[in-house]
Amino acid sequence: MSGTEVADQARQLLQTIFGYPAFRGQQEEIVTHVGRGGDALVLMPTGGGKSLCYQIPALLRDGVGVVISPLIALMQDQVDALAEVGVRAAFLNSTQTFDETMRIEKLVRRGEIDLVYVAPERLLTQRCLDLLQDTHIALFAIDEAHCVSQWGHDFRPEYIRLSVLHELFPEVPRIALTATADAQTRAEIVHRLALENARQFVSSFDRPNIRYQIVEKTNGRKQLLDFITGEHAGDSGIVYCLSRKKVEETAEFLQEHGIRALPYHAGMDNTARAANQARFLREDSLVMVATIAFGMGIDKPDVRFVAHLDLPKSIEGYYQETGRAGRDGLPASAWMAYGLQDVVLQRRMIDESEADETFKRVLSAKLDAMLGLCETLSCRRIRLLAYFGEHSGPCGNCDTCLFPPVSFDGTVPMQKLLSTIYRVDQRFGAGHVLDVLRGVESEKVLQWHHQTLSVFGIGSDRGNDEWRAILRQAIALGLVWVDHDAYGSLKLTDSARPVLKGEQRVQLRQYEKPVKARRASTPRGHVEADLSAHEQQLFDKLRWWRVEMARTHNVPAYVIFPDATLRDIARARPTTLAALRGVSGVGDKKLASYGEEIIRLIGALDAGD
Ligand code: ADP
Ligand code: ZN
C-alpha cells in the first residue's frame, strides 16, 4: 500500500472507531510509518496521544498487535476502554487463572484479537515466546520505553532483555513510546532496544494547558489546603510526598478539612492500595496523596492538579509527575511548595546513598537543574522546555510570568550570611547561624559566646523566614553546602570566596510574605466555567448519567466518555444521532451503545425547560 492509502485508512479508523475528526501533532506520520512496517521511537508528553500511535497501525495491519507494558494493574482498564470502542483486546498477566490464559492464548494464536497487552517478564517466558512464534504479529509496541534506562527512576531490568524481539522477529515492526524526553534516556532506549534504524518522532514537550506554580514553603500542608480550596475545590488531583509517613499524615489532614483524600504508598498492603487506585480512577473529585510509586500509566484524563509537598529529585521526575494533570487538554495546575529543608534533605540523600561517585555526580547534576527551576526569576516553562532541549518564549501561564518575581542585588545580605558561617568556624547548622546573624541571644549563642562575634546581629534587619530563603538560595547557587555530620553544619564552598571578597555580585529573589492563594487575573478554577448556565445544566446531567453507566459497566467514568466529550455534547446539544456523531470522541460503537439515551436525556431536559 502507498503512504497515502495507509494514511486514508488510518483516518477512516480514527473517525469511525475512536470518533475523533483529525489526528493530532505527529500522530498521522507515526501511524503511517508504522502502518507500512517501519520501526519508530516516539517521544511525546503525557496526554499527547501515544496510544493511538500503536493502536491504529495494529488495526491496519494483519495479525495481532502485541503491547508490552509494565503496568499490570492498568491492563484491565486499557482492555475495557478498547472494548468500549469495539476493538478486540485482551491481556496476559499473572493475575489470570490458567483457564483464562489458555482462552486468551487460543484467541491470539488464531488471530481473533486485535491487541494483546503483556508484561515484559511474561513476554520473556519460553511459553509466551513460543506462542508468539506461532502467531501472525502485526507489530510490537513497547510502552513506557524509558524503563530500560538504568539511570532513570522507573528502571525495570526485564526491559533490557526486550532486544530479543528484534532477534526473534526481525520482520515485525517495533514502536517504542515514552514521555521521558532527555537525550540520555533517548540514547539508552535506542541502544538497548536495538532501534538504531528506527525513525524518531520527537514532539514538543510543552503542555500549554498546565499552569506551573512553585511557592515558598512556610507551612506546606496549610498552603496545600489553601491551594486546593482556593483553586481546585471539588477537583480530582494528586499530591506527591516523599515519605510514607508524610503521605498518611497529609491524607488525614486533608480529610479533617473536608477534602476527600486517599493515601497510596508502597508500604500499604496490596489490596488496600489497589482499592484506592481503583477508586481514584473511577470516582470524581478524589485527591490521591501518594509517593512517586503512584501514577505511571494512570491515564485518567481529568486530573485537574498535581501538587508536590516535597522537592522532586529531578526535572524528568517532576515533569512526568506534573504531566499527569490535564491530559484532556483542559486547564490544570502543577503546584509545588519548596523550602530550605527540601534542599538540605535531597543533598543529604545523595551524599548518604550507597551509589558510586559517578552516579552521585549524575544525581547531583539532576538536583541542581531542579533547584534552578525552583529559583528561576524567569518563565518556568522556558526552563522546563530548555531542559528537554526545546527553545520557547515566556508562556504567560506560570507563576513567574503571571506575577513576575522581583529580584534584587543580594550581594550584601549574602556576604553577611557567608561571613557568619565563616565566623562560627563552619561548625554550626542553619538554626544557630541564623540566630547569630539576627542577634538572637539563645542559650546556645551564650554558651559559645557568639554574642561577642563581630557578625552578631548584623542581619537583624530581616526576619527568620527571609534569611532562610536567602540561605536556601545560597545552597541552590552552590555557595554553601550542608555537611551531614550530626549538626548539619553549614560550610562554604570555593565559589563563596569571590562573593565574600566583593568580586562577584549575586541576584536574589525578593522575599515575599506568602499571601493566601494568589489568584490569577484570568478566571479559572472550575474548568466548566466557560459553559453557559444552560450548557452547565446539561453537562451536570451527563456526568450523573455517566456515573450510572460506569457503575453498570464496571469501568472508570472516563472510559464511557471523557469530560472533554461531555462538554462538547453540552455545547452542541445534539437532538439527532447524526448530530451526536459529529462530536469529537463519539465513534460508531459508542454511538450505538449510548446515542439513543443521550438524545433522550437532552430531549427530556429541553421539554422540562
Ligand atoms: P498518552 O498515552 O500520550 O499520555 P493518550 O493516548 O492517553 O496519551 O491520549 C490522551 C487523551 O487524548 C486521551 O483521552 C485520548 O483519547 C485523546 N486523544 C488522543 N488522540 C486524539 C485525537 N487525535 N483527537 C482527539 N483526542 C485524542
Ligand atoms: Zn511562563
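Just follow the structure's listing: the first ligand is 1, and inside any ligand the first atom is 1.
- Salt-bridge formation is detected for the pair Asp342/Lys217: a Lys NZ or Arg NE/NH1/NH2 atom is positioned less than 4.0 Å from an Asp or Glu carboxylate oxygen.
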Dump the intermediate steps for side chain to side chain donor-acceptor pair (under 3.5 Å) on Glu316 and Tyr387, then the final yes or no.
-> CA-CA 9 Å; Glu316 291 98 288; Tyr387 187 79; 2.7 Å; yes
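- At a heavy-atom distance under 4.0 Å, no atom of Met44 approaches ligand 1.
- Between Phe280 and Phe294, the ring planes are perpendicular. Angles over 60° get that label, and only those under 30° would be called parallel.
- Residue Ala22 places a heavy atom less than 4.0 Å from ligand 1.
- Heavy-atom contacts of Leu52 reach the following atoms of ligand 1: 19 (C), 20 (N), 21 (C) (cutoff under 4.0 Å).
- Defined by atom type and a distance below 3.5 Å, a donor-acceptor pair is present between the side-chain atoms of Asn397 and Arg211.
- Nearest protein neighbour of atom 6 (O) of ligand 1, counting heavy atoms only, is Ser51 OG, 2.6 Å.
- Ranking protein heavy atoms by distance to atom 20 (N) of ligand 1, first place goes to Gln27 NE2, 3.0 Å.
- At the top of the distance list for atom 24 (N) of ligand 1, counting protein heavy atoms only, stands Tyr20 CG, 3.4 Å.
- Relative to the six-membered ring of Tyr558, Lys300 misses at least one condition, a distance below 6.0 Å or an angle of at most 45° to the axis.
- Proximity of Pro45 to ligand 1 is established by a heavy-atom distance of less than 4.0 Å.
- A distance-only check finds no donor-acceptor pair linking the side chain of Arg380 to the backbone of Thr400 [under 3.5 Å].
- What sits closest to atom 10 (C) of ligand 1 on the protein, heavy atoms only, is Gly47 O, 3.7 Å.
- Contacts between Ala179 and ligand 1 below 4.0 angstrom, taking non-hydrogen atoms only, are absent altogether.
- Near Thr46, the atoms of ligand 1 lying under 4.0 angstrom from a non-hydrogen atom of the residue are 4 (O).
- Remark: aromatic rings of His308 and Tyr338 are distant, center separation not under 6.0 Å.
- The environment of NZ in Lys589 is crowded: more than 12 heavy-atom neighbours from other residues, nucleotides or ligands sit within 6.0 Å.
- For ligand 1, the atoms closer than 4.0 angstrom to any heavy atom of Phe23 are 23 (N).
- Note: Trp335 and Phe227 have parallel aromatic rings, judged against thresholds of 30 and 60 degrees for the angle between ring planes.
- Counting only non-hydrogen atoms, the option in Arg24, Gln15, Gln78 that gets closest to atom 18 (N) of ligand 1 is Arg24.
- Using a 4.0 Å heavy-atom cutoff, Pro562 is absent from the residues neighbouring ligand 1.
- The angle Cys401:SG - the Zn ion (ligand 2) - Cys398:SG amounts to 110°, with values rounded to 10 degrees.
- In this structure, atom 2 (O) of ligand 1 lies nearest to the protein heavy atom Arg327 NH2, 3.6 Å.
- The protein non-hydrogen atom at the shortest distance from atom 8 (O) of ligand 1 is Gly49 N, 3.2 Å.
- Checked against Ile137 for a side chain to side chain contact (heavy atoms under 4.5 Å, CB included), the options Val64, Val108, Leu165, Val66 give a single hit: Val66.
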